[in-house]
Amino acid sequence: MNEEKLLELENVVQSYHSGRRTFVAVQDINLTVQAGEFVALLGPSGCGKSTLLRIITGLQRPTSGKVLYRNQPLHGVNSHATIVFQTFALFPWLSVLDNVEIALKARGVPASLCTPRALDLLDRVGLDGFESAYPRELSGGMRQKVGFARAMAVEPELLCLDEPFSALDVLSAESLRNDLIELWTSGSIPIKAILMVTHNIEEAVLMAGRIVVMDKEPGRIVADIPNPLPYPRQRKAIAFTQLVDRVYGLLAGQTQPEHVEMGTAPGEPGQTRSLPPIAINDLAGLLEHMAITATPHVDIYQLASDLGLDSDHLLRLLDAVELLGFATILQGDVTLTPLGETFVEASILGRKDIFATRIRRLPIFRWVFALLRATAQHHLGWNVVKAALELEFPPAEAARQLDTLVDWGRYGEVLAYDDRNELLALEPEADRVGVHTA
Ligand code: ADP
Ligand code: MG
């Protein structure tokens, strides 16, 4: 790897004042980015990711600490860095070509060179043929491509991306991710390093060479994990899913050994943790409620009265959020984990991905996957699976477990259930990580 140091943050602190209160948004950030690195910054909402990008690009000066670019203290806007935001602001009255040319003109590129260079950039992001279209005529994905072309027109050394794919539909997001990986790995763009903020664990593992995990209150770095997987990365590869699991583990703040936290598979020694029979909507509602109540810890009794739930129902929900790694429960206090916050923040499809990744780790799901995979058609009658579950649970409980399994599996799109024939089947993508990655 190239050992050219581009960016260096030393003990960076950003605090904000509101009224008489001082609030520490990020604390003691030490981060170095070398040329050749693609770094993902991952963490719950409010941990200070956007704040850091603003500091790095010089849009904001930190309260204290050093920001060095190529060993020089940064003064004012960082001319070596650009930011691409979630939705790229294009000028609606300018054509695609003009939107890119304007960035070149602003950089002082001679007029005669602007058009050929803009055309070349548009070609590289796959917008050949759309030069004279207007932003409103383009899909979200294509607009974001214009945004990338414009960011590259600036030829930044350091490209900063703030959740660049999260506002796109599933297919556009995936194809733009691949385009960016391709541009990056082919070395056909002059960009020396990428720093990408994301909420999406699979996206970080798919794209970045290093994953910096943050936590909040105060915003800080809690892990810095290298990702040595070679490109192009295979979402199905064991090493890929293992790394995804590891990052999930960091965000979920696993507090107990895995076999205690998740239980063991039916028929294996150890306790099979039963799935609490809860509806996904109730689960999402609980997490959303916890996310908006400002206090980090919520008292269980307070929660029951806030939500107007009877305590049995609430305890089943809490059991589920704990099993899924969305919250920790300690001495009557419930605390959302960063994974739980990420779930609340995510889009509908993003939530499904997080849910799917987590339930794939549950021994009871692994067990049912193995059962289904062992059959020729990858499907089994509900009754057959229920009979198998009766090795572990009494009949009524086995039925309840299976219903919950189907319900959760359908939500995560890892299991399909044919009501008419009462057949349980493996979704073709069941063992794939991040089907949606939205
Ligand atoms: P992230 O991008 O990780 O969601 P941000 O960097 O946007 O986090 O925000 C970090 C924390 O700082 C949040 O609690 C946010 O409310 C607060 N914050 C961000 N910008 C300001 C500001 N200009 N004034 C006051 N508080 C701010
Ligand atoms: Mg942000």
Side-chain angles (χ1 to χ4, degrees), residues 7 9 11-31 33 39-65 67 74 77-78 81-89 144 147 151 158-168 173 194-201 203-204 207-208 210-225 247 250-253 287-288 290-297 326 335-347 350-351 354 438:
L7 173 78
L9 301 182
N11 305 320
V12 163
V13 176
Q14 178 71 58
S15 37
Y16 295 111
H17 299 279
S18 63
R20 278 183 300 147
R21 215 174 69 96
T22 303
F23 164 79
V24 180
V26 292
Q27 189 166 58
D28 242 347
I29 301 289
N30 290 290
L31 180 72
V33 177
V39 181
L41 213 53
L42 186 74
S45 170
C47 71
K49 303 180 295 293
S50 298
T51 297
L52 281 183
L53 286 190
R54 283 196 301 273
I55 290 171
I56 289 162
T57 49
L59 298 174
Q60 177 176 333
R61 262 181 88 111
T63 312
S64 66
V67 185
L74 187 64
V77 173
N78 186 344
T82 344
I83 287 199
V84 174
F85 295 102
Q86 200 176 78
T87 47
F88 205 92
Q144 194 68 329
L158 176 65
L159 178 64
C160 297
L161 306 165
D162 199 345
E163 312 229 10
F165 310 108
S166 60
L168 303 176
I194 300 181
L195 188 57
M196 177 179 77
V197 166
T198 176
H199 258 106
N200 187 316
I201 297 163
E203 182 174 288
M207 302 182 74
R210 195 177 136 200
I211 303 171
V212 175
V213 182
M214 295 182 69
D215 199 354
K216 65 181 205 178
E217 283 162 4
R220 62 195 190 280
I221 294 173
V222 292
D224 194 332
I225 311 170
V247 179
L250 280 169
L251 284 169
L287 295 174
E288 282 160 14
M290 288 181 62
I292 54 167
T293 40
T295 45
H297 314 285
F326 292 159
T335 312
L336 275 188
T337 60
L339 182 63
E341 305 204 2
T342 306
F343 179 87
V344 172
E345 273 286 308
S347 63
R351 285 184 177 188
I354 291 174

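Each ligand, and each atom within it, is numbered from 1 in the order the structure gives. Throughout, residue positions are numbered sequentially from 1 according to the sequence presented.
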Leu52/Val197 under side-chain contact (heavy atoms from CB on, under 4.5 Å): CA gap, chis, key distance, verdict: CA-CA 10 Å; Leu52 281 183; Val197 166; over 6 Å; no
Test side chain to side chain contact (heavy atoms under 4.5 Å, CB included) applied to Ile201 and Val247, Thr342, Ile354, the passing residue: Val247
Side chain to side chain, Leu161 and Ile83, heavy atoms closer than 4.5 Å: no
Backbone of Pro164 reached by a side-chain donor or acceptor of Gln144 within 3.5 Å: yes
Check: Val344 main-chain N/O paired with Arg351 side-chain donor or acceptor under 3.5 Å: yes
Amino acids in close contact with ligand 1, where any non-hydrogen atom sits under 4.0 angstrom away: Tyr16, Phe23, Ala25, Pro44, Ser45, Gly46, Cys47, Gly48, Lys49, Ser50, Thr51, Arg54
Thr198 versus Glu203, side-chain donor and acceptor atoms under 3.5 Å: yes
Ser50 near the Mg ion (ligand 2) via N/O/S, less than 2.8 Å: yes
